[in-house]
There are 2 protein chains.
Amino acid sequence: MHTVEEIVARMSSQGLRVTDQRKTLAKLFADSPGYLSPKDVYEFMGKTYTGLSFDTVYRNLRVMEELGVLEQVVFEEGVKFKLHCREHDHHHHLICLQCGLTYPITFCPMVQTAVPDDFRVVKHKFEVFGYCGTCEQEETATQP
Amino acid sequence: MHTVEEIVARMSSQGLRVTDQRKTLAKLFADSPGYLSPKDVYEFMGKTYTGLSFDTVYRNLRVMEELGVLEQVVFEEGVKFKLHCREHDHHHHLICLQCGLTYPITFCPMVQTAVPDDFRVVKHKFEVFGYCGTCEQEETATQP
DNA sequence: CTGATTGCAAAACGTTTGCACGTTG
DNA sequence: CAACGTGCAAACGTTTTGCAATCAG
């Protein structure tokens with residue numbers, strides 16, 4: 001669990017400047033349960049910072065990724081970011097296609113996967129997509 | 001298993017023109033065991049067709065995808081294409097990071113994954129990345 | 001005060017489009 | 001010969017870069 005304070009402290013300890021914009025960015029991700037695209041971030045931040053530029057958003061997303069605060073995932077629709085999960089417990093995710101909310105899955109299929117002897121496994125990806133309870137209700141509610 | 005003849009026949013039956021370039025493209029994928037990026041395809045085709053343009057490569061990749069001959073997958077490094085697997089048996093892949101070769105995995109983790117009652121699953125992705133025997137050998141061979 | 005951070009403009013990159021010409025069926 | 005395919009140039013959306021002005025420590 002990353003709080004705004006933890007993120008800010010981590011930035012500061014690395015000699016990075018803690019600007020208003022970065023604090024807001026930290027808060028945005030600390031409060032978001034799921035994935036955000038650079039555009040999502042730009043739009044949210046733009047409400048507070050008029051004249052905000054896309055390149056600053058990208059720069060700060062990259063900074064926070066290198067800091068280990070954010071993790072980046074590539075989806076069909078493009079790149080998205082979320083708070084980095086606590087690293088020690090390896091796990092996967094259920095991802096809501098509507099709101100981007102993620103649930104952890106503790107089950108890892110890798111342990112049961114038979115791999116040819118001569119194939120050296122480096123990494124794997126297991127993601128489940130669908131609709132969370134809330135979004136599912138909203139969807140059926142709007143259907144006449 | 002898709003042969004060049006099958007692909008050509010499928011194109012022709014859909015009213016598409018069978019040009020030399022498309023035949024070469026079909027042959028390229030019929031002979032390739034793994035994923036190819038648009039750039040890979042462009043470079044290969046460029047050897048035969050001087051003055052080839054990227055847009056034609058993209059157009060034909062899209063045509064063959066819509067035809068169901070190719071399937072498109074999004075990787076960290078970008079979009080790649082390969083021959084569409086026989087649809088009837090659901091499976092996943094081992095993918096070689098060096099040469100793009102893919103092996104099928106018949107095991108599907110989805111059947112064992114516990115999902116909250118209120119989450120409706122739509123699709124899932126399970127991919128294992130590493131190095132195949134051939135690439136592994138080449139890599140260790142070049143290490144002094 | 002000094003170096004990090006920002007906005008601006010412009011470039012880079014992968015992909016798509018409109019158009020006129022050439023080719024396939 | 002008609003419709004489809006091609007190359008060219010140019011547009012597009014996303015991401016990155018160089019620069020000078022500004023800000024945090």
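So that the names make sense, note that chain A is the first sequence line, chain B the second, and so on, each numbered from 1. These values consider heavy atoms only, across backbone and side chains, with no hydrogens, waters or symmetry-generated copies.
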Worksheet item: Is it true that Arg10(A) and Glu5(A) make a salt bridge, defined as a side-chain N closer than 4.0 Å to a carboxylate O?
Response: no
Item to complete: Decide, yes or no, whether a salt bridge links Glu76(A) with Lys125(B) under the criterion of side-chain N to carboxylate O below 4.0 Å.
Response: yes
In whole angstrom, give the distance that lies between atom [atom1] of [X] and atom [atom2] of [N].
X: Leu52(A); N: dT22(D); atom1: CG; atom2: C1'; result: 16 Å
X: Tyr42(A); N: dC8(C); atom1: OH; atom2: C1'; result: 12 Å
X: Asp40(A); N: dG13(D); atom1: CG; atom2: C1'; result: 15 Å
X: Glu76(A); N: dG14(C); atom1: CD; atom2: C1'; result: 17 Å
X: Met11(A); N: dG25(D); atom1: CE; atom2: P; result: 10 Å
X: Arg17(B); N: dC1(D); atom1: CZ; atom2: C1'; result: 11 Å
X: Tyr49(B); N: dG22(C); atom1: OH; atom2: C1'; result: 15 Å
X: Leu25(B); N: dG5(D); atom1: CG; atom2: P; result: 13 Å

Worksheet entry | Nearest-0.5 Å distance, CG of residue Asp20(A) to CE of residue Met45(A) | 9.5 Å
Worksheet entry | Short side-chain to backbone donor-acceptor contact, Gln137(B) and Thr134(B), under 3.5 Å |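 No, the answer is negative, given that no donor and acceptor are paired below the 3.5 Å cut-off.
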Discussion item. Tyr35(A) and side-chain contact (heavy atoms from CB on, under 4.5 Å): which single residue from Leu83(A), Val79(A), Ile95(A) fits?
Written reply: Ile95(A)
Worksheet item: So, Gln112(A) and Gln112(B): side-chain donor and acceptor under 3.5 Å apart, yes or no?
Response: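 Indeed, the side chains of Gln112(A) and Gln112(B) share at least one donor-acceptor pair under 3.5 Å.
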Worksheet item: Side chains of His124(B) and His92(B): is there a donor and an acceptor less than 3.5 Å apart?
Response: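 His92(B) and His124(B) do have a side-chain donor-acceptor pair below 3.5 Å.
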Fill in: Of Thr50(A) and Thr19(B), the one whose closest DNA chain C nucleotide lies more 5'
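By nearest-heavy-atom nucleotide position, the 5'-most residue is Thr50(A).
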Worksheet item: Between Arg59(A) and Pro38(B), which has a closest nucleotide on DNA chain C that is more 5'?
Response: Arg59(A)
Quick check for you: among [options], whose closest atom lies nearest to any side-chain atom of [X]?
X: Thr56(B); options: dC4(D), dT6(D), dT14(D); answer: dT6(D)
X: Arg62(A); options: dT14(D), dT17(D), dG25(C); answer: dT17(D)
X: Gln21(B); options: dT14(D), dT5(C), dG7(D); answer: dG7(D)

Discussion item. Just to be sure I follow the notation: if a pair is Watson-Crick (purine N1 to pyrimidine N3 plus N6-O4 or O6-N4) or a G-U wobble (N1-O2 and O6-N3), each under 3.5 Å, what dot-bracket string does DNA chain C give, with | for pairs to another strand?
Written reply: |||||||||||||||||||||||||
Worksheet item: For Arg22(B) and dG5(D), is the shortest distance between a side-chain N/O and OP1 or OP2 below 4.0 Å?
Response: yes
Practice prompt. Look at the side chain of Asp55(B) against the base of dA9(D) and say whether a donor-acceptor pair falls under 3.5 Å; ignore hydrogens and angles.
Written response: yes
